[in-house]
Amino acid sequence: MKSPPSKHLHPTAKPAYALIFALIFMTFFMIVVSGVSEKLRESLATQRDQLTPMKAEAAAKSAADLGQLAMKEYEPGYNIPLTEEEFAKDTDGDGTIDTYGNFQVYATAQENDGDWYTPIPGTGSAGDSDLCRTSDADHDGDFEIDKSIDHPCNWNRLAYGDTAIIPLFASDGLTTDGTLNPAALDLSRFTLRLRTPCTNGSLVDPDCARPDLDDGDGSLEQDSSLVFWQILGEKADGTSLVVIPNDAKVSDARTGESIRNSSLNTEIYESLVNDHIFSMDYEVFTLSDSINEDIHALILDEGIERVALQLNIVTPLKNDEDGSSIPYLEWQTVSNSLNPIADNKSILWAEGWSDGMGGSYYFSRKIVRDTIGAGRNVYTLSN
């Protein structure tokens, strides 16, 4: 006789509620995993976005490095146009350019008020360093601070014992070692402007009061020679050329004494600077075909290459009012030629951008290089 079936479940059997619990648990687990994955994805995106400023900085540095290599390829006075195609990168592999940069080199006198000016407007060392920088945001050759030619950022400093060498030539832009001399540039006029710094110490005020230099009573003995200038160059055979024009004298019509010929003399006396500070034109001499004819003819000589003007302050700068020291003079040159002469420095302006979740990040780098050198040399002169 068969036993009746057992009422107990098989040990491996599970009730229906266990299956329901498993489904609920799996659903909850998937929700948690999905949330964690989303958080992780957002965290990774945030971390990537935190690298965006670093990418922009790296792009600017890369642009600056390539710009410096390009600068080495040419003679002074070669402007390198805006270059940016090398720096467009898809750094996260999503098919979209997110990091990019460019560089540009300014190496010639720049147009301002219808003439060519050195220093490059907006980059002079006489102004506030936080303001005196290349700021050509739209790369059209204009600068934010070039509205006033007398703004300190459009002037350079020259202290006692310093030397400034100003090229009167430029790169031909066709070969790495080719130059265009003043004759080829059709340089018809070159003017040097000098002034003392602001009495109140301002580095931003173009209309400030400026002290007079201590020039004694105006006699030749006490009116000291302040700035000495000479012409440098190279002959066709490669030998150096240094031309120091004569310290021209004429006879005073009233006394018959020998006095300085202000229209021909190459030394710049303290009284001459004072006179032009008073008139506020600051133009202490001009090289043209009507003034300093011999010197003008020399710089237009096609047989002379790499012509430059050298300036040296040879007398300590003293305030005429109280005899206190004046730290430096400010200088600026204005030229009128078919094409601009080289600046005495080259300015590399590099920029980098990178786009991220937080927006677009930007960095810039500025590198300044002397064009043909400068130093500290003290010259002694005899009149």
Side-chain angles (χ1 to χ4, degrees), residues 52-89 99-112 116-149 151-158 162 164-167 170-171 173 203-204 206 328 330-333 340-354 360-374:
T52 304
M54 298 175 62
K55 293 178 182 178
E57 186 175 10
K61 184 179 183 301
S62 297
D65 290 343
L66 289 176
Q68 290 185 84
L69 290 175
M71 291 168 68
K72 293 179 179 179
E73 295 295 321
Y74 292 91
E75 285 287 308
Y78 179 66
N79 294 322
I80 300 176
L82 183 65
T83 305
E84 58 185 347
E85 60 272 11
E86 295 94 333
F87 313 106
K89 304 293 182 183
T99 302
Y100 42 98
N102 60 49
F103 73 84
Q104 190 163 10
V105 175
Y106 303 91
T108 63
Q110 297 289 315
E111 190 276 333
N112 192 358
W116 306 111
Y117 279 78
T118 300
I120 295 170
T123 68
S125 59
D128 190 322
S129 59
D130 290 336
L131 297 176
C132 299
R133 56 190 179 189
T134 310
S135 302
D136 185 17
D138 54 1
H139 304 288
D140 62 355
D142 293 328
F143 298 86
E144 290 181 357
I145 213 158
D146 68 352
K147 292 181 174 59
S148 170
I149 60 175
H151 191 287
C153 285
N154 297 338
W155 293 69
N156 279 335
R157 296 185 182 188
L158 187 65
D162 282 355
I165 302 177
I166 305 165
S171 169
L203 299 179
V204 296
Y328 56 85
E330 299 175 358
W331 68 268
Q332 180 189 81
T333 67
I341 60 175
D343 195 281
N344 69 326
K345 63 182 178 300
S346 296
I347 297 178
L348 167 64
W349 186 257
E351 300 171 301
W353 292 264
S354 189
S360 182
Y361 293 84
Y362 168 83
F363 277 87
S364 63
R365 288 175 66 91
K366 174 186 175 183
I367 297 174
V368 180
R369 285 186 172 179
D370 288 336
T371 301
I372 55 178

Checking the side chain of [X] only, and the main-chain atoms of [Y] only, is there a donor and an acceptor separated by less than 3.5 Å?
X: Asn79; Y: Ala107; value: yes
X: Glu330; Y: Pro152; value: no
X: Asp343; Y: Tyr106; value: no

Between atom [atom1] of [X] and atom [atom2] of [Y], what is the distance when rounded to the nearest 0.5 Å?
X: Leu203; Y: Cys153; atom1: CG; atom2: SG; result: 8.5 Å
X: Phe363; Y: Lys55; atom1: CZ; atom2: NZ; result: 13.5 Å
X: Thr118; Y: Ile341; atom1: OG1; atom2: CD1; result: 4.5 Å
X: Leu348; Y: Arg365; atom1: CG; atom2: CZ; result: 9.0 Å
X: Glu57; Y: Thr52; atom1: CD; atom2: OG1; result: 13.0 Å

Which pair of non-hydrogen atoms, one from [X] and one from [Y], has the smallest distance, and what is that distance?
X: Ala342; Y: Gly77; value: CB-CA, 3.5 Å
X: Trp116; Y: Glu111; value: CE3-N, 3.5 Å
X: Asn344; Y: Ile165; value: CB-O, 3.3 Å
X: Thr108; Y: Pro340; value: OG1-CG, 3.7 Å
X: Trp155; Y: Ile149; value: NE1-O, 3.2 Å
X: Ala60; Y: Ala350; value: O-CB, 3.6 Å

Could you list the residues that satisfy ring-ring contact (aromatic ring centres under 6.0 Å, His included) with Tyr100, not counting sequence neighbours?
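Tyr100: ring-ring contact (aromatic ring centres under 6.0 Å, His included) contacts with Trp353.
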
Looking at residues at least two apart in the chain, or sitting in another chain, which of them share a ring-ring contact (aromatic ring centres under 6.0 Å, His included) with Trp331?
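Partners of Trp331 under the ring-ring contact (aromatic ring centres under 6.0 Å, His included) test: none.
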
Could you check whether any side-chain heavy atom of Gln104 comes within less than 4.5 Å of a side-chain heavy atom of Asn102, counting everything from C-beta outward?
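Result no, sub-4.5 Å side-chain heavy-atom pair not found.
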
Run the salt bridge (charged side-chain N to carboxylate O under 4.0 Å, His left out) test against Glu75 and tell me which residues pass, sequence neighbours left out.
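Scan of Glu75 (salt bridge (charged side-chain N to carboxylate O under 4.0 Å, His left out), adjacent residues dropped) gives Arg306.
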
Listed by chain and number, what are the side chain to side chain donor-acceptor pair (under 3.5 Å) partners of Ser125, not counting sequence neighbours?
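Partners of Ser125 by the side chain to side chain donor-acceptor pair (under 3.5 Å) criterion, ordered by chain and then number, come out as Asn156.
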
Apply side chain to side chain donor-acceptor pair (under 3.5 Å) to Thr99 and list each qualifying residue two or more places apart in sequence or on a separate chain.
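Checked Thr99 against side chain to side chain donor-acceptor pair (under 3.5 Å); matches are Ser354.
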
Side-chain donor-acceptor contacts of residues 65-74 below 3.5 Å, not counting sequence neighbours, with atom names and distances?
from, atom 1, to, atom 2, distance (Å)
Asp65, OD2, Lys61, NZ, 3.2
Gln68, OE1, Arg369, NH2, 3.1

State, without any angle test, whether Tyr362 and Glu351 hold a side-chain donor-acceptor pair at a distance under 3.5 Å.
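Short answer, yes.
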
